[in-house]
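Everything on this sheet refers to the single structure shown next.
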Amino acid sequence: MDNEIRVRFAPSPTGPFHIGGARSALFNWLLAKKLGGKMVLRIEDTDRDRSKPEYEENIKNALKWLGINWDEGVDVGGPYGPYRQMERLDIYKKYTDQLLAEGKAYYCYCSPEELEAEREALTAAGKMPRYMGKCRNLTPEQRAKFEAEGRKPTIRFRVPEGVDLTFNDLVRGEVHFDSDGIGDFVIVKADGIPTYNYAVVIDDSLMHITHVIRAEEHLSNTPRQLLVYDALGFKRPEFGHISLILGKDKKKMSKRHGATSCDQYRQLGYLPHALVNFLALLGWAPTDEQEIFTTEELIKAFNMKHVAKNPAVFDIEKLNWINAHYIKQMTPEDFFALAKPFMVKAGYMTGEETGEKLAWLEKVVATAQTQVEFGAQIPPAVALYFNDNFDFETQEAADVLKEETVPTVMDMFFKELAEAATLDGPTVKAMFKTIQKTTKLNGKHVYMPVRVALTGNQHGPELVEMIPLLGAERTKQRMEASLKKAGIK
RNA sequence: GGCCGGUUGGUCAAGUGGUUAAGACACCGCCCUUUCACGGCGGUAUCAUGGGUUCGAAUCCCGUACCGGUCACCA
């Protein structure tokens with residue numbers, strides 16, 4: 001199984017799972033599925049201050065929600081564990097000792113203040129800020145002196161001079177770096193915990209990762225990692241750096257741009273597959289014109305060759321369109337299930353309803369299915385079925401009731417309503433027909449006053465659909481109240 | 001500032017030397033309809049910029065501008 005494709009998603013549990021992380025995970029997952037490979041989930045929790053267990057949970061839950069599963073990693077295990085970096089410290093130590101012994105790494109006793117001063121001096125001199133190698137060649141005496149002072153050293157990687165660091169990026173093609181532009185970087189912090197650029201190499205190598213697909217912000221880190229691969233005698237994997245997701249103002253997506261975490265979209269009632277479909281189209285495009293994909297179709301069509309180099313602006317409008325598309329395709333049962341928590345939260349139902357009440361709620365909710373883009377929009381879309389005390393939405397709406405034909409229409413309507421044996425779509429339709437015939441008024445002059453009197457609004461669902469749901473009694477009451485308010489009767 | 005990457009309509013994007021430069025979202029119009037929504041049809045709008053190379057350039061080369069990433073004991 002030496003040529004098995006293995007990818008990984010390696011998030012840091014330092015915050016709510018970000019939409020950009022979801023896309024990285026998705027691209028890795030699609031590639032693995034496409035090539036029949038394996039996906040590893042590794043948690044990079046070496047930032048002790050910011051890593052939190054609840055964020056790890058948040059990430060895992062979001063991945064599961066999106067339908068992105070992993071074959072190896074935290075929770076599911078696998079042959080190359082543990083899959084949490086803080087549980088792998090002894091592994092890193094072994095390699096660190098090796099690098100130290102070979103002189104490829106060295107102890108650095110510079111304090112944060114000293115390093116800061118160096119950076120500032122360099123910047124002031126118009127040079128690039130980087131570590132100049134102060135502790136590169138410490139004598140045993142100097143080291144002993146620092147140790148005696150109680151200084152805790154970091155371990156730095158000795159970056160060789162004049163080395164060309166070139167790799168072929170799956171997305172960007174051949175990328176060159178020169179080792180001279182890189183200062184000796186810290187691989188083990190003073191507290192003994194490895195840094196990202198170091199641990200990631202050991203883990204990816206030991207976990208036999210063949211393709212490292214990650215965000216573009218890591219592109220400049222790659223040469224450092226290449227150096228570590230080479231120093232440790234590890235085989236370099238393939239790299240693919242996907243572009244960043246930007247906000248409307250073309251700046252990197254952040255909280256300012258609205259919802260950035262997966263959770264927020266879940267809470268707003270977006271469908272996981274809609275998000276997946278949308279994210280897949282952000283930075284990747286099929287060769288044909290297809291926009292809507294099932295997961296299987298996505299896997300089949302996905303190809304790293306068509307991953308875009310340029311960053312993409314997150315367009316909520318398009319996400320909404322995709323989500324609305326999937327919502328329209330839902331079964332009534334699924335749509336009701338989606339609506340339920342939002343309806344409960346709005347106070348329109350308790351969630352305990354049964355029988356007729358439940359049946360009525362189902363019908364009401366069903367009217368929203370072609371109108372909403374995501375779950376949170378459902379309560380406002382059905383609000384008119386729950387609120388009998390409404391005002392006229394606009395003056396224009398109120399004016400509709402001032403037309404001289406209105407009293408006649410209303411009288412007839414109330415009469416028809418009182419005489420109706422049952423109140424379903426066809427009977428309501430017949431009622432309007434009768435009124436139209438008798439009064440010889442066009443549809444607008446019959447329907448619109450009734451609509452305004454019934455809802456206070458000139459727009460809304462079909463009356464033929466709405467009146468049966470409201471029932472004769474509420475219909476009558478609502479309309480009479482409106483007429484009174486308008487000063488008619 | 002150094003290094004690295006990027007630039008096709010408002011947005012996502014197809015395109016790899018010869019196309020009327022696809023498609024989608026958004027927008028506008030028309031149709032359907034008692035209204036809105038849904039749906040259907042149609043429309044406006046793009047190769048950042050300046051030089052090359054070439055019979056011919058969105059496509060290849062160089063410069064410029066702009067945007068982004070990175071230069072941490074964060075990942």
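Residue numbering restarts at 1 for every chain, and letters A, B, ... go by the order of the sequence lines.
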[atom1] gap between [N] and [M], integer Å:
N	M	atom1	result
B/C55	B/U8	C1'	25 Å
B/U33	B/A26	P	24 Å
B/G6	B/C62	P	13 Å
B/C12	B/U7	P	12 Å
B/A72	B/U11	P	34 Å
B/C27	B/C61	P	39 Å
B/A22	B/A58	C1'	14 Å
B/U20	B/C38	P	36 Å

Lys/Arg N to Asp/Glu carboxylate O, [X] vs [Y], below 4.0 Å:
X	Y	result
A/Arg8	A/Glu44	no
A/Lys93	A/Asp97	yes
A/Glu56	A/Arg84	yes
A/Arg236	A/Asp230	yes
A/Glu54	A/Lys52	no

Heavy atoms only, 4.0 Å cut-off, all strands: where does [X] land among base, sugar-phosphate and nothing?
X	answer
A/His176	sugar-phosphate
A/Ile182	nothing
A/Lys252	sugar-phosphate
A/Gly183	nothing
A/Arg172	sugar-phosphate
A/Phe314	nothing
A/Gln369	nothing

Of the nucleotides [options], which one has an atom closest to the side chain of [X]?
X	options	answer
A/Trp321	B/G15, B/A22, B/C25	B/C25
A/Met448	B/C4, B/U34, B/G23	B/U34
A/Asp315	B/C25, B/U34, B/A37	B/C25
A/Val175	B/C12, B/C4, B/A14	B/C4
A/Arg451	B/A24, B/A13, B/U35	B/U35
A/Asn310	B/A26, B/C12, B/U8	B/U8
A/Ala285	B/U35, B/A13, B/C25	B/A13

Distance check: side-chain N/O of [X] vs OP1/OP2 of [N], anything under 4.0 Å?
X	N	result
A/Lys444	B/U35	no
A/Lys328	B/A37	no
A/His459	B/U34	no

Q: Quick one: do A/Tyr92 and A/Asp203 satisfy side chain to side chain contact (heavy atoms under 4.5 Å, CB included)? Show the steps, please.
A: CA-CA 9 Å; A/Tyr92 307 127; A/Asp203 290 341; 2.7 Å; yes
Q: Give the ring-plane orientation class for A/Phe432 versus A/Phe413, where under 30° counts as parallel, over 60° as perpendicular and anything between as tilted.
A: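 Answer is tilted, since the angle falls between 30° and 60°.
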Q.
A/Thr154 vs A/Cys108, test: side chain to side chain contact (heavy atoms under 4.5 Å, CB included). Steps then yes/no.
A. CA-CA 5 Å; A/Thr154 60; A/Cys108 169; 3.5 Å; yes
Q.
Would you say that A/Phe414 contacts A/Met410 through its side chain, given a criterion of any heavy-atom pair below 4.5 Å between the two side chains?
A.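 Result yes, sub-4.5 Å side-chain heavy-atom pair found.
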Q | Option among A/Tyr106, A/Phe157, A/Tyr131 that satisfies the ring pair (Phe, Tyr, Trp, His ring centres under 6.0 Å) test with A/Phe185 | A |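 Testing each of A/Tyr106, A/Phe157, A/Tyr131 against A/Phe185, the sole residue satisfying ring pair (Phe, Tyr, Trp, His ring centres under 6.0 Å) is A/Phe157.
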What is the separation between atom [atom1] on [X] and atom [atom2] on [N], rounded to the nearest whole Å?
X	N	atom1	atom2	answer
A/Ile242	B/G69	CD1	C1'	14 Å
A/Leu319	B/A26	CG	P	12 Å
A/Asp288	B/C12	CG	P	20 Å
A/Leu281	B/U11	CG	P	17 Å
A/Leu279	B/U11	CG	P	19 Å
A/Glu216	B/C67	CD	C1'	11 Å
A/His241	B/U70	NE2	P	12 Å
A/Gln377	B/C36	CD	C1'	14 Å

Q: Find which nucleotide of RNA chain B each of A/Pro286 and A/Glu291 is nearest to by heavy atoms, and output the residue with the more 5' nucleotide.
A: A/Pro286
Q) What pairs with A/Asp315 under side chain to side chain donor-acceptor pair (under 3.5 Å), at least two apart in sequence or on another chain? A) none
Q: Give a yes/no verdict on base stacking between B/U34 and A/Tyr447: centres under 5.5 Å, planes within less than 30° of parallel.
A: yes
Q: Kindly say whether the aromatic ring centers of A/Tyr265 and A/Phe278 come within a distance under 6.0 Å.
A: no
Q | Ring center gap for A/Phe27 and A/Phe302 short of 6.0 angstrom | A |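 Yes, ring centres under 6.0 Å apart.
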Q. So what is the 5' to 3' dot-bracket string for RNA chain B, if pairs are Watson-Crick or G-U wobble with both distances under 3.5 Å, crossing pairs use [ ] and | means the partner sits on another strand?
A. ((((((((.[[[..)..(....]]].(((((.......)))))....[[[[[..)....]]]]])))))))....
Which protein N or O atoms sit under 3.5 Å from an N or O of nucleotides 71-75 of chain B?
from, atom 1, to, atom 2, distance (Å)
B/C71, O2', A/Pro129, O, 3.0
B/C73, O2, A/Ala190, N, 2.9
B/C73, N4, A/Cys110, O, 3.1
B/C74, OP2, A/Lys189, NZ, 2.8
B/C74, O2', A/Asp47, OD2, 2.8
B/C74, O2', A/Arg50, NH2, 3.3
B/A75, OP1, A/Thr46, O, 3.4
B/A75, OP1, A/Thr46, OG1, 2.8
B/A75, OP1, A/Lys189, NZ, 2.6
B/A75, OP2, A/Tyr196, N, 3.2
B/A75, O3', A/Ser12, OG, 2.8
B/A75, O3', A/Glu44, OE1, 2.9
B/A75, O2', A/Ser12, OG, 2.4
B/A75, N6, A/Asn221, OD1, 3.1
B/A75, N6, A/Asn221, ND2, 3.2
B/A75, N1, A/Asn221, OD1, 3.2

